[in-house]
Amino acid sequence: MSSHIKELITMYGAIEAGGTKFVCAVSNEALEVVARVSIPTEAPEVTMQAVYEFFDQYELTSMGVGSFGPIDVNEASPTYGYITSTPKLKWQHVNLLGMLKERYNIPIGWTTDVNAAAYGELTFGAAKNKQNCVYLTIGTGVGGGGVINGQLLQGFGHPEMGHIHIKRLEGDTFEGVCPFHKDCVEGLVAGPALEKRTGKKGVEVAPDDEVWKIQAHYIAQALMTYTLVLSPETIILGGGVMHQEQLFPLIREAFAELVAGYVAYPDLETYIVPTKLGDNSGIMGCLQLAKEAAQ
Ligand SMILES: Nc1ncnc2c1ncn2[C@@H]1O[C@H](COP(=O)(O)OP(=O)(O)OP(=O)(O)O)[C@@H](O)[C@H]1O
Ligand SMILES: [Zn+2]
């Protein structure tokens with residue numbers, strides 16, 4: 001293919017950079033994925049080599065990257081585009097955006113993995129045709145992102161919705177597992193907390209175990225805070241722990257009890273919902289960011 005023709009074809013690149021894997025995808029102009037790989041997150045040199053090998057095969061118009069973090073999203077900051085204080089030590093202070101810009105010299109959209117997932121769900125999934133949503137993943141950690149008035153939720157930094165403090169249930173003596181705050185939301189309800197509380201693998205906890213009521217209560221408290229602060233139109237819940245579908249009705253019930261009629265919210269069946277794009281929310285959000293970065 002001559003370089004002249006290459007320039008006429010629009011192709012977008014997307015990276016969902018996670019703590020365990022980097023999912024990389026390339027799409028055509030219609031955002032249909034034409035190639036995709038999953039690369040384990042090892043040392044940056046190792047992982048980035050594989051990332052380059054994949055994208056070097058294409059002539060990309062632009063890219064979108066949604067990264068694990070914390071990351072620097074402040075364009076005025078000297079470390080814009082860096083992964084900052086992550087507990088994954090080899091990735092601390094790594095200029096991920098800078099490396100990609102240097103290699104490809106194209107416009108690149110940059111945000112958190114969960115903001116990208118929120119954007120994917122808003123553009124194509126559970127919050128389609130809406131302007132405001134929150135996306136919360138409850139997995140190894142708890143992370144939340146959002147889109148408000150059609151814009152990604154970020155400013156000086158980005159939201160860290162998993163680390164808010166909530167009120168403990170009376171008699172709950174579980175200490176919590178967040179290395180920074182112990183009993184923040186993540187410390188109380190993420191997979192590792194669930195496993196420490198029950199002494200079982202998350203997938204092995206029976207659907208009718210009493211622990212789900214505790215989980216649901218704390219998750220509902222967090223969702224109440226997001227509701228009171230952000231007024232989203234939909235809250236989308238994903239991540240490994242949310243594979244436990246019985247949590248949804250329990251969370252909706254606890255949420256209604258906690259809000260106690262103080263503010264209005266949409267019908268709960270449509271307000272607190274699972275992801276529609278499943279594992280693709282992040283990558284679709286990144287492709288949409290790539291498309292916008294090109295404009
Ligand atoms: N079916 C399940 N029921 C309960 N817990 C589960 C289930 N599947 C996975 N988990 C828990 O979810 C966690 C893994 O979450 P997830 O699959 O979202 O991976 P992750 O991408 O590593 O998480 P994160 O996005 O926080 O980095 C583990 O702690 C696991 O025990
Ligand atoms: Zn915390």
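Just the heavy atoms: all of them, side chains too, but no hydrogens, waters or symmetry mates, feed the values below.
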(request) Give a yes or no on whether K130 atom NZ has more than 12 heavy-atom contacts from other residues, nucleotides or ligands under 6.0 Å away. (result) yes

(request) Determine the minimum heavy-atom distance between T61 and A294, stating which atoms define it. (result) CG2-CB, 4.1 Å

(request) Might you point out which heavy atoms bring A190 and V241 nearest each other, and give the distance in Å? (result) C-CG2, 4.3 Å

(message) Is any side-chain heavy atom of C133 closer than 4.5 Å to one of I236?
(response) yes

(message) When you compare the side chains of D56 and Y104, does any donor N or O come within less than 3.5 Å of an acceptor on the partner?
(response) yes

(request) Indicate whether any N or O donor in one side chain lies under 3.5 Å from an N or O acceptor in the other, for S231 and Y226. (result) no

(request) Check whether any side-chain N or O of T198 sits under 3.5 Å from a backbone N or O of L194 as a donor-acceptor pair, and report yes or no. (result) yes

(request) Please step through side-chain contact (heavy atoms from CB on, under 4.5 Å) for the pair Y12 and L60, ending with a clear verdict. (result) CA-CA 6 Å; Y12 300 121; L60 298 177; over 6 Å; no

(message) Within the 3.5 Å criterion, strictly below it, is a donor on E45 or Q49 matched to an acceptor on the partner's side chain?
(response) no

(message) For G238 versus Y135, what's the shortest heavy-atom pair and its separation?
(response) CA-OH, 4.2 Å

(request) Enter the distance from S62:OG to Q295:CD here, rounded to the nearest 0.5 Å. (result) 8.5 Å

(message) If I compare all heavy atoms of H165 with all of D183, which pair ends up nearest, and what's the gap?
(response) CD2-O, 4.1 Å

(message) For the backbone of Q151 and the side chain of N149, can you confirm whether one donor and one acceptor N or O come within less than 3.5 Å of each other?
(response) no

(message) Do L230 and L228 land in one hydrophobic cluster if side-chain heavy atoms of ILVMFWY residues count as linked below 4.5 Å?
(response) yes

(message) Please report the interatomic distance CG(L96) to CD1(I83), rounded to the nearest 0.5 Å.
(response) 5.0 Å

(request) With side-chain contact (heavy atoms from CB on, under 4.5 Å) as the test, would you mind laying out the steps for N280 and V33 before giving the verdict? (result) CA-CA 11 Å; N280 289 320; V33 173; over 6 Å; no

(message) Aromatic contact between Y265 and F255, with the criterion being ring centroids under 6.0 Å apart: yes or no?
(response) yes

(request) Take L268 and Y271 through the test side-chain contact (heavy atoms from CB on, under 4.5 Å) and record every step on the way to the result. (result) CA-CA 5 Å; L268 284 176; Y271 187 53; 4.1 Å; yes

(message) Using modelled atom types and a 3.5 Å cut-off, is there a donor and acceptor pairing between side-chain atoms of E42 and backbone atoms of T47?
(response) no

(message) Quick check: is V65 connected to M284 through a chain of hydrophobic side chains (ILVMFWY, heavy atoms under 4.5 Å apart)?
(response) no

(request) Kindly confirm or rule out a cation-pi arrangement of R103 over Y52, judged by NZ or CZ under 6.0 Å from the six-membered ring centre and within 45° of its axis? (result) yes

(request) Determine yes or no for a side-chain-to-main-chain donor-acceptor pair under 3.5 angstrom, with H158 supplying the side chain and I71 the backbone. (result) yes

(message) Under a 4.0 Å threshold between the charged nitrogen and the carboxylate oxygen, would E195 count as salt-bridged to K200?
(response) no

(request) Side-chain contact test, heavy atoms from C-beta onward, threshold under 4.5 Å: evaluate it for E186 versus F180 and give yes or no. (result) no

(request) Using modelled atom types only, decide if a donor and an acceptor are shared between the side chain of R252 and the backbone of A256 within a distance under 3.5 Å. (result) no

(request) With rounding to the nearest 0.5 Å, note down the distance linking CG in L122 to CG in L152. (result) 9.5 Å

(message) Run I166 and V185 through side-chain contact (heavy atoms from CB on, under 4.5 Å) and show every step you take.
(response) CA-CA 7 Å; I166 51 183; V185 175; 3.9 Å; yes

(message) A side-chain contact here means heavy atoms from C-beta on lying under 4.5 Å apart; do Q221 and I164 qualify?
(response) no

(request) Check the side chains of Q288 and T123 for a donor-acceptor pair under 3.5 angstrom, ignoring hydrogens and angles. (result) no

(request) Measure centre to centre between the rings of W212 and Y218, then say whether the value is under 6.0 Å. (result) no

(message) If we count only N and O atoms by modelled type, under 3.5 Å, do the side chains of H181 and H163 hold a donor and an acceptor together?
(response) yes

(request) Establish, from distance only, whether the side-chain atoms of N132 and E233 form a donor-acceptor pair under 3.5 Å. (result) yes

(request) Hey, could you give me the CZ/CD1 distance between F248 and I272, rounded to the nearest 0.5 Å? (result) 9.0 Å

(request) Check the side chains of Q92 and T84 for a donor-acceptor pair under 3.5 angstrom, ignoring hydrogens and angles. (result) no

(request) Taking T41 for its side chain and K21 for its backbone only, find out whether a donor-acceptor pair lies under 3.5 Å. (result) yes

(message) Measuring from atom NE2 of H217 to atom NZ of K167, what distance do you get when rounded to the nearest 0.5 angstrom?
(response) 8.0 Å

(message) Please say yes or no: joined through hydrophobic side-chain contacts below 4.5 Å, possibly via intermediate residues, are L223 and I138 part of one cluster?
(response) yes

(message) Tell me whether R197 is salt-bridged to D209, with the criterion being a basic N under 4.0 Å from an acidic carboxylate O.
(response) no

(message) Under the criterion side-chain hydrogen bond (donor to acceptor under 3.5 Å, both in side chains), I'd like the reasoning laid out for E292 against Y119: C-alpha separation, chi angles, the key distance, then a yes or no.
(response) CA-CA 12 Å; E292 288 166 19; Y119 209 36; 2.7 Å; yes

(message) Applying a strict under-4.5 Å side-chain criterion to I, L, V, M, F, W and Y, I'd like to know whether F156 and V114 cluster together.
(response) no

(message) Under a 3.5 Å distance rule, please check whether E121 uses its side chain to pair with a backbone N or O of L277 as donor and acceptor.
(response) yes

(request) Check the hydrophobic clustering (I, L, V, M, F, W, Y; side-chain heavy atoms under 4.5 Å; chains of links allowed) and say if V51 and L97 are grouped together. (result) yes

(message) I want to check something: taking the side chain as every heavy atom from C-beta on, are T137 and V142 in contact at a cut-off of under 4.5 Å?
(response) no

(message) I'd like to check W91 versus P44 (side-chain heavy atoms, cut-off strictly below 4.5 Å). Are they in contact?
(response) yes

(message) For D172, is the CG atom crowded, meaning more than 12 foreign heavy atoms sit under 6.0 Å from it?
(response) yes

(message) For Q57, I'd like to know if atom CD has over 12 heavy atoms of other residues, nucleotides or ligands within 6.0 Å.
(response) yes

(message) With a 4.5 Å cut-off on side-chain heavy atoms, are L188 and R168 touching?
(response) yes

(request) Could you tell me whether a side-chain N or O of W110 sits under 3.5 Å from a main-chain N or O of Y82, the two making a donor and an acceptor? (result) no

(request) Using a cut-off of 6.0 Å, state whether more than 12 heavy atoms not belonging to D267 lie near its atom CG. (result) yes

(request) Using a 4.5 Å cut-off on heavy atoms from C-beta on, say whether the side chain of K182 contacts that of V177. (result) no

(request) Rounded to the nearest 0.5 Å, what's the gap from SG on C24 to CD1 on I39? Could you check? (result) 4.0 Å

(request) Could you tell me whether the side chain of K101 and the main chain of I108 form a donor-acceptor pair under 3.5 Å? (result) no

(request) Compare every heavy atom of I15 with every heavy atom of C286, then report the nearest pair and how far apart it is. (result) SG-O, 3.4 Å

(request) Give a yes-or-no answer on whether the side chains of N95 and Y80 include a donor-acceptor pair shorter than 3.5 Å. (result) no

(request) Work out which heavy atom in G66 is nearest to a heavy atom in A116; give both atom names and the distance. (result) CA-CB, 4.1 Å

(message) If only side-chain N and O atoms count, and only distance matters, is there a donor-acceptor pair under 3.5 Å linking T79 with D72?
(response) yes

